[in-house]
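We name chains A, B, ... by the order of the sequence lines, and we start the count at 1 in each one.
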Number of protein chains: 4
Amino acid sequence: MEKRTDLAVEARELAGADVQGVEYSEKTENGMNISRLKVKNHQASIKLKKEKGTYITIDVPAMTDNFLSSDDRIKTISEEIKRLLPVNGLVLVCGLGNIEITPDALGPKTVSRILATRHIKGEIARSTGLDNLRPVAVLSPGVTGQTGIETFEYIDSIIKKVRPTALVVIDALASRRLSRLGCTLQISDTGISPGAGVQNHRRKITADSVGIPVIALGVPTVVDAVTLVSDLLDVDDEKTSSELREMLSPDNRKMVVTPKEIDLLIDRASRLVSLALNAALHNDVDVNLIEALL
Amino acid sequence: MEKRTDLAVEARELAGADVQGVEYSEKTENGMNISRLKVKNHQASIKLKKEKGTYITIDVPAMTDNFLSSDDRIKTISEEIKRLLPVNGLVLVCGLGNIEITPDALGPKTVSRILATRHIKGEIARSTGLDNLRPVAVLSPGVTGQTGIETFEYIDSIIKKVRPTALVVIDALASRRLSRLGCTLQISDTGISPGAGVQNHRRKITADSVGIPVIALGVPTVVDAVTLVSDLLDVDDEKTSSELREMLSPDNRKMVVTPKEIDLLIDRASRLVSLALNAALHNDVDVNLIEALL
Amino acid sequence: MEKRTDLAVEARELAGADVQGVEYSEKTENGMNISRLKVKNHQASIKLKKEKGTYITIDVPAMTDNFLSSDDRIKTISEEIKRLLPVNGLVLVCGLGNIEITPDALGPKTVSRILATRHIKGEIARSTGLDNLRPVAVLSPGVTGQTGIETFEYIDSIIKKVRPTALVVIDALASRRLSRLGCTLQISDTGISPGAGVQNHRRKITADSVGIPVIALGVPTVVDAVTLVSDLLDVDDEKTSSELREMLSPDNRKMVVTPKEIDLLIDRASRLVSLALNAALHNDVDVNLIEALL
Amino acid sequence: MEKRTDLAVEARELAGADVQGVEYSEKTENGMNISRLKVKNHQASIKLKKEKGTYITIDVPAMTDNFLSSDDRIKTISEEIKRLLPVNGLVLVCGLGNIEITPDALGPKTVSRILATRHIKGEIARSTGLDNLRPVAVLSPGVTGQTGIETFEYIDSIIKKVRPTALVVIDALASRRLSRLGCTLQISDTGISPGAGVQNHRRKITADSVGIPVIALGVPTVVDAVTLVSDLLDVDDEKTSSELREMLSPDNRKMVVTPKEIDLLIDRASRLVSLALNAALHNDVDVNLIEALL
């Protein structure tokens with residue numbers, strides 16, 4: 001029985017702290033624990049089952065609370081995102097997932113609060129005071145089951161048309177620990193890999209595949225039921241394992257563990273991520289102004 | 001660690017099949033397994049932790065499928081409900097739960113598809129062909145946290161005003177087995193007890209407390225994470241148990257196990273229950289016509 | 001062809017400024033025009049087709065803008081509401097209208113943002129710092145077509161149970177002028193009368209009918225198409241009038257004029273009214289705290 | 001004051017029935033009036049302000065009713081659509097408009113009910129009995145104000161990637177007559193032009209601009225307030241006209257006339273269009289099966 005996690009810090013917990021080629025450090029800022037994990041080479045990547053690159057993990061103490069847009073922690077988070085963005089140029093922001101499936105709706109809900117500015121030009125931009133905003137385009141590609149189009153194909157075709165300098169993808173993640181649900185933000189420069197996310201994408205969306213830097217933002221919204229139980233039980237016996245699997249995935253329906261108030265988790269996490277990302281994209285602009293423009 | 005279930009058939013599984021004062025039978029109709037469980041006396045009620053009365057449980061083979069309104073199984077289910085309803089007189093239908101919390105939204109979503117007819121009278125009723133419909137009133141009392149009003153108080157005050165002959169309450173339930181989520185309908189004549197439902201009501205809504213027969217319809221939408229794990233592990237050791245509890249309910253946030261597609265489960269279950277209940281209430285009327293009137 | 005309006009200031013415009021028994025004054029505060037109109041006797045009430053009582057009308061300059069909760073104008077509006085509320089005791093807040101019909105959704109949307117506190121008592125209230133909040137209960141009675149229960153019956157039965165000292169009703173209104181849509185708040189101590197509101201209630205909800213003071217808050221969200229055209233044309237000829245009526249209400253379907261962005265109007269108006277009402281109800285509490293509690 | 005309409009039949013009414021280069025015929029099928037209007041040359045196009053091509057207009061007698069999927073009229077409508085589609089090959093279906101603005105939501109709501117099949121291939125297609133379905137991809141490009149991407153750019157980039165044989169665009173329209181709101185379906189082979197639709201697109205989406213046949217489906221959901229009044233008044237005087245314009249578009253906010261139950265109109269129209277379009281795309285497949293697959 002596999003233990004599934006989209007969080008690099010949990011992959012490190014499972015693989016052990018002493019894997020060669022993994023760099024790890026922690027700091028505390030504005031009351032939040034921030035860790036930085038670097039997967040430096042191919043072997044480390046294999047061991048952790050994570051792409052090479054940097055993973056920043058921020059433990060937001062109370063994501064179930066309503067953040068005020070003026071919260072200092074927003075500033076701290078936005079700084080971490082900003083460091084991965086190019087200084088100038090168009091940024092394409094993509095919310096992955098299915099807005100109709102609550103635990104998978106983080107991406108689309110977040111991008112519905114991102115200020116798109118690419119189309120605001122010339123006189124209008126000047127007269128509305130928006131002429132110093134960075135150009136931003138926003139995409140909600142939906143899911144392949146509803147569009148018939150692979151997420152990679154979709155994003156790639158828009159990239160070829162609008163030519164951004166960077167892509168930001170936002171996705172709901174699966175973690176291994178219930179205590180991290182809604183309380184952890186992972187920021188990485190590695191893109192999205194097959195099997196990641198609540199939705200399980202099929203093709204990589206990475207700098208290699210799309211030709212520009214890809215920054216991935218994710219918040220865990222579920223723990224796989226199979227992973228939760230595997231973590232608690234020592235299941236070596238193959239027979240037990242297959243019985244368990246049938247119990248935990250009856251008729252192959254995938255079961256997940258979430259807070260009962262999953263809708264609230266999604267609302268608040270998407271609000272937090274959008275506040276921080278808007279601030280990172282439009283860094284000299286008052287967040288209140290951005291919220292008022294949406 | 002408690003094993004929580006709102007299903008009488010699961011309470012019987014836990015208590016053992018030979019409890020005195022419990023009557024149990026099964027039949028199959030239209031491909032659905034239908035069981036009838038009677039809690040006949042106080043001792044049986046204590047042992048099963050279920051109110052005295054009758055619990056009918058229908059295993060709907062494929063509730064994740066889209067039912068057509070013409071499906072014969074709808075007819076079978078509606079017959080089971082009809083048997084518990086008085087032959088004549090106003091019925092008040094109440095959807096319990098919070099429409100904004102997906103796993104708890106079954107009640108409000110179902111009643112939004114129930115045809116209210118109490119206000120259609122005289123000439124209008126005759127001219128629209130609705131003069132032979134049974135009078136029905138529909139209520140969505142919301143949750144105490146949002147209204148400041150206890151569910152019992154709310155329902156009781158409306159009952160005192162509109163004087164129905166029976167109350168039907170619809171609620172999302174917690175079960176013990178993942179395989180029953182969205183696939184089981186429990187129909188009982190016992191009302192709703194404290195601690196039942198996803199939302200956990202505080203005061204009984206029963207024939208005793210409201211003064212008229214109460215028919216409860218429920219579909220399990222979640223398994224408590226604590227119940228799931230308790231069922232798999234033998235946890236006697238108190239220390240382990242409290243560690244587990246913290247792991248499974250971090251910061252006292254209640255965690256539940258659901259299908260990832262919980263929104264779909266709620267949609268389809270509420271459609272099924274409303275089709276069957278509309279047919280039971282208005283028994284000579286074509287379901288298609290009722291759907292068209294909504 | 002009748003010229004329909006729920007705004008007392010417009011009724012006065014139509015009846016002429018010199019009707020006996022009508023008192024009218026204006027002031028400006030925080031950049032908002034605030035008028036006070038008193039219908040003092042029966043004759044004035046007949047002439048204006050408005051109940052006896054006081055009507056305060058606030059012209060909010062830019063209700064299509066996003067208000068910040070800290071806006072001084074919120075304070076001004078909340079003071080006007082507070083003056084009509086009893087100093088102490090439970091207040092019942094009622095959102096009238098149909099949440100599924102956008103122009104009629106102001107009431108239900110507003111009350112979904114009102115902080116209910118009646119159920120928070122004793123130790124919990126003290127530990128959460130909520131022990132000095134006024135008791136508030138919140139109701140969304142829906143519409144008769146969906147519940148089978150008259151709005152008056154519904155509210156009256158809850159009043160008899162929870163015994164509030166005052167009732168606040170919130171409703172979407174019809175005005176005569178397009179320029180007032182979403183930009184005007186009418187506050188009155190007269191309750192709601194038959195034919196008022198987008199939904200057209202059938203029975204009065206007034207101090208007389210429910211036995212406690214009734215404060216009505218309303219924002220115009222539509223202009224009747226018939227009223228708009230009547231205002232522009234001089235239609236005396238009966239034949240023209242009936243042709244016009246068929247053109248403007250084909251097959252008796254009621255047509256309304258609204259901003260294309262009616263959803264935005266409803267969102268922002270309900271946010272404004274809820275901010276002001278929360279502040280009026282819980283007058284020493286920070287609006288930001290209240291928003292965070294919702 | 002301009003009289004705006006997106007319906008070719010209304011453009012003909014305004015231009016007069018005897019314009020050279022306009023062919024017009026009517027028939028009745030299954031109780032529905034179906035007209036066929038051909039704009040044959042450049043002069044006719046200028047006079048009617050409509051692109052050259054064929055416009056089919058179907059007067060659905062009761063679009064406010066709930067259609068059953070088995071209704072014969074669905075079949076009739078689907079035949080009219082099918083005649084414009086290529087016999088084989090991928091079809092891209094695009095829902096234009098803003099799902100958050102009710103009168104503009106027809107496009108996105110309709111495509112959420114279109115069965116996408118392009119991704120279902122090989123063994124899976126065979127085992128689910130879907131191997132004889134036509135490949136269909138579905139797009140909801142949102143609106144430029146929220147994405148920063150022009151609708152034309154968006155669609156064109158996806159077309160270059162997935163290479164369909166035809167594009168179907170669905171859009172909410174403005175008509176001149178209130179009696180046509182929700183009761184008329186326009187099907188054309190001319191694509192979408194600037195200024196059309198509730199949302200007012202900026203660049204043509206036509207066979208010329210995207211390189212493949214474009215079939216446009218639209219239902220009128222609003223009448224411009226300015227158009228309604230212009231139609232009723234004879235306004236030649238420039239002064240009156242500018243006063244009227246300020247009255248009808250205060251602060252340049254665009255006002256529209258709709259049925260009060262605009263949400264219902266959108267729901268039912270999108271259901272009708274999706275039923276007919278699914279049947280046209282997958283012509284030998286039972287509509288009930290398609291609905292069950294969605």
Side-chain angles (χ1 to χ4, degrees), chain A residues 61-64 97-105 143 145 172 174-183 197-200 221-226 228-235 240 243-267, chain B residues 61-64 97-105 143 145 172 174-183 197-200 221-226 228-235 240 243-267:
Chain A
M63 201 181 257
T64 52
N98 187 344
I99 199 162
E100 291 169 16
I101 299 292
T102 307
D104 194 33
V143 290
S175 75
R176 185 191 159 207
R177 298 258 181 245
L178 292 173
S179 58
R180 288 198 174 99
L181 296 181
C183 299
V198 172
Q199 190 63 36
N200 288 187
T221 64
V222 300
V223 173
D224 276 5
V226 170
L228 180 83
V229 170
S230 306
D231 244 10
L232 296 174
L233 297 174
D234 280 321
V235 189
T240 318
E243 272 169 23
L244 260 178
R245 190 172 293 277
E246 172 53 27
M247 242 181 109
L248 294 171
S249 317
D251 294 325
N252 279 318
R253 290 193 296 156
K254 191 177 169 176
M255 297 286 165
V256 296
V257 195
T258 70
K260 193 182 68 176
E261 286 84 6
I262 176 68
D263 303 71
L264 222 57
L265 183 161
I266 295 294
D267 252 25
Chain B
M63 202 182 257
T64 52
N98 187 343
I99 199 163
E100 292 170 14
I101 299 293
T102 306
D104 195 32
V143 290
S175 75
R176 186 190 158 207
R177 299 259 181 245
L178 293 172
S179 59
R180 290 201 174 97
L181 296 181
C183 300
V198 172
Q199 191 64 34
N200 287 187
T221 63
V222 301
V223 173
D224 276 5
V226 170
L228 179 82
V229 170
S230 306
D231 243 10
L232 295 174
L233 296 174
D234 280 320
V235 189
T240 319
E243 271 169 23
L244 260 179
R245 189 172 292 278
E246 172 52 28
M247 242 180 112
L248 294 172
S249 316
D251 295 323
N252 279 318
R253 290 194 295 155
K254 189 176 169 177
M255 297 287 166
V256 295
V257 195
T258 70
K260 193 181 70 174
E261 285 85 4
I262 176 66
D263 303 72
L264 223 56
L265 183 159
I266 295 293
D267 253 25

**Student:** Under 4.5 Å from any heavy atom of chain B, what part of Leu178(A) do you find: side chain, backbone, both or neither?
**Tutor:**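 Both parts, backbone and side chain.
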**Student:** What part of Ile101(B) is in contact with chain A, defined as an atom under 4.5 angstrom from a non-hydrogen atom: side chain, backbone, both or neither?
**Tutor:** both
**Student:** Please find the pair of heavy atoms, one from Cys183(B) and one from Arg253(A), that lie closest to each other, and give the distance.
**Tutor:** SG-NH2, 3.7 Å
**Student:** Roughly how far, to the nearest 0.5 Å, is the OG atom of Ser179(B) from the CD atom of Glu246(A)?
**Tutor:**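 With rounding to 0.5 Å, CD (Glu246(A)) is 8.0 Å from OG (Ser179(B)).
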**Student:** How long is the span from the CG atom in Leu232(B) to the CD atom in Glu243(A), to the nearest 0.5 Å?
**Tutor:** 11.0 Å
**Student:** Select one option (side chain, backbone, both, neither) describing which atoms of Glu100(B) are under 4.5 Å from chain A's heavy atoms.
**Tutor:** backbone
**Student:** Please step through side-chain contact (heavy atoms from CB on, under 4.5 Å) for the pair Met255(A) and Leu228(B), ending with a clear verdict.
**Tutor:** CA-CA 12 Å; Met255(A) 297 286 165; Leu228(B) 179 82; over 6 Å; no
**Student:** How many angstroms lie between atom CD1 of Ile99(A) and atom CG of Asp263(B), to the nearest 0.5 angstrom?
**Tutor:** 11.0 Å
**Student:** Looking at OG1 of Thr258(B) and NZ of Lys260(A), how far apart are the two atoms once the value is rounded to the nearest 0.5 Å?
**Tutor:** 13.0 Å
